[in-house]
Number of protein chains: 2
Amino acid sequence: MNTTQRADPQTSADRRRRELLEAADRVVLRDGPHASMNAIAAEAGITKPILYRHFGDKGGLYAALAVRHTDALLASLRAALDAPAERRQRVEATLDTYLAAIEARPQVYRFLMHPADGGTAPGDQSEQGFDVGRHSAPLLRRMGEELAQVIEERLDVGPGTQQLARVWGHGIVGMMHAAGDWWLGERPCPREELVRSLADLLWGRLAEAGDKAGGPGF
Amino acid sequence: MNTTQRADPQTSADRRRRELLEAADRVVLRDGPHASMNAIAAEAGITKPILYRHFGDKGGLYAALAVRHTDALLASLRAALDAPAERRQRVEATLDTYLAAIEARPQVYRFLMHPADGGTAPGDQSEQGFDVGRHSAPLLRRMGEELAQVIEERLDVGPGTQQLARVWGHGIVGMMHAAGDWWLGERPCPREELVRSLADLLWGRLAEAGDKAGGPGF
DNA sequence: GACTCGGGGTTACCGCAAGTAACATGCACG
DNA sequence: CGTGCATGTTACTTGCGGTAACCCCGAGTC
């Protein structure tokens, strides 16, 4: 270890990396996900090649950015999920936490939801074009897995619980995401109402509801 | 009207437009959503400016492409939604139709799920950067609205039905989407099982399930 | 027949962003 | 001193979206 003026390169590089991420964050949040590497470099007071040395390519930088925000959001979701209360209460709290987050910082949300887009590099010929479905943003996947784990740990639905938990985890997250996205765009109702409606859906109110008179029933 | 050799320009332009869309479809399905305008033009046997004359810009072309596929998928979903059967049956049929579609043609699916991305043109200064949430692919929105309408028409859940229907419509579509995306990537189970699990979720099995012994409950 | 007119087409270009050499500088260590 | 290494820069290449300017040819008109 070097204790003179020159800090050891590991720590120094890490600090620099964090600074660069801060700058990138500012730019991306200001200009949207299409911010250019030049712009980010300028904001950080340096030039492009340094960014590339640190993050490889644009995808790398964005991935690093996404991890930061994703971690933060996941942490608060976990807190809501772990609160000591009735199940329904906790589900509502989790929904509300997520919605409050995307409401408070839609730019972050929009950035995080951008699909990875870095799967197939130019000139890939191992697979013809792209075959897999894997399209969703990493955030959605991570939230889905996280929720799946919580469900599996705490719920007992007989045999096949594990499988069911994963399906439900991803399904619920998707429900939350799509409804939230729509709500954020149209703002048709206050947040609590949305939360209640979604929880009602999960509580089977759709299945129980009566048919409207006259129609063939739903 | 001109009945000589020269067809009237309207019809002719429409035919040409369809041909161009066919070509674009082939390329996009082969190369992914990043297919270049040059490549598409080449596939159609012409050059770029013609594409721009017909579709304005890349977004226009992609929108036209998306509308075609979206219409097709929506039509088959509507059929499943309208089949004469029990509610649960119909829900399962609809889920299965969607999943079968994305399973059969993941490239189309992936293309359709790409967010519009054309909202904020370069140089937009009416809003600072981007504020709204509106991120999801048009397909998701349209499916959500469609389902919402069906729910509202056929279900009676007392006052506020309309609002509830829209929330549920978008929520259910999102659930279907996220679960389908995950399933398509990992293939952890056969399709019918996924369908059953999702329907179970909508039928409130999560809410009814018992806590696992020992934990604080979920 | 000469002359314009308009649709379909092309070449050649602009601007811009990602990514990459290749070169320059400062600081520690032998 | 010279070597190594991290840090930084300028200047370039490549590829894409988008456009301007020109071209060709069949049709109608005088």
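Heavy-atom basis, side chains included; hydrogens, waters and symmetry copies ignored. Each chain gets a letter, A, B and so on, in the order its sequence line appears, and its residues count up from 1.
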Between [Y] and [X], does any NZ, NE, NH1 or NH2 come within less than 4.0 Å of an OD or OE carboxylate oxygen?
{"X": "E146(A)", "Y": "R141(A)", "answer": "no"}
{"X": "E22(A)", "Y": "R68(A)", "answer": "yes"}
{"X": "R88(B)", "Y": "D200(B)", "answer": "yes"}
{"X": "R18(A)", "Y": "D25(A)", "answer": "no"}
{"X": "R196(A)", "Y": "E193(A)", "answer": "no"}

With a 4.0 Å limit, can you tell me whether R16(B) has a side-chain N or O closer than that to the phosphate oxygens OP1/OP2 of dG9(C)?
yes
Name the closest nucleotide to the S36(A) side chain, picking from dG19(C), dA17(C), dC16(D).
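That would be dA17(C).
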Any side-chain heavy atom of [X] sitting closer than 4.5 Å to one from [Y]?
{"X": "L95(A)", "Y": "M176(A)", "value": "yes"}
{"X": "R166(A)", "Y": "E186(B)", "value": "yes"}
{"X": "V173(B)", "Y": "L140(B)", "value": "yes"}

When you measure from every atom of DNA chain C, which of residues 19-27 of chain B have a heavy atom less than 4.0 Å away?
none
Of the residues in residues 58-70 of chain A, which ones touch DNA chain C at a heavy-atom distance under 4.0 Å?
K58(A)
What is the distance, to the nearest angstrom, from the [atom1] atom on [X] to the [atom2] atom on [N]?
{"X": "M37(A)", "N": "dT20(C)", "atom1": "CE", "atom2": "C1'", "answer": "13 Å"}
{"X": "N38(A)", "N": "dT20(C)", "atom1": "CG", "atom2": "C1'", "answer": "14 Å"}
{"X": "H54(B)", "N": "dG18(D)", "atom1": "NE2", "atom2": "P", "answer": "16 Å"}

Run the side chain to side chain donor-acceptor pair (under 3.5 Å) test against E153(B) and tell me which residues pass, sequence neighbours left out.
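Here no residue qualifies.
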Would you name the heavy atoms of V67(B) and R142(B) that are closest together and state the gap between them?
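Shortest heavy-atom contact: O-NH1, 4.5 Å.
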Nucleic acid contacts of residues 39-52 of chain B, taken as heavy-atom distances under 4.0 Å to DNA chain D:
K48(B), P49(B), Y52(B)
Using five pairs at each end of the helix from dG1(C)-dC30(D) to dG30(C)-dC1(D) to define an axis, what is the angle between those two axes, to 10°?
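Roughly 30° between the end axes, to the nearest 10°.
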Does the W182(A) side chain pair with the main chain of G144(B), one donor and one acceptor, at a distance under 3.5 Å?
no
Taking the side chain from E145(B) and the backbone from G169(B), do they hold a donor-acceptor pair closer than 3.5 Å?
no
Is there a donor on the side chain of R53(B) or the base of dG9(C) sitting less than 3.5 Å from an acceptor on the other?
yes
Filter on side chain to side chain donor-acceptor pair (under 3.5 Å), then keep only pairs touching residues 43-63 of chain A, sequence neighbours left out; what's left?
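Of all non-adjacent pairs touching residues 43-63 of chain A, those that pass side chain to side chain donor-acceptor pair (under 3.5 Å) are R26(A)-E43(A), R30(A)-E43(A).
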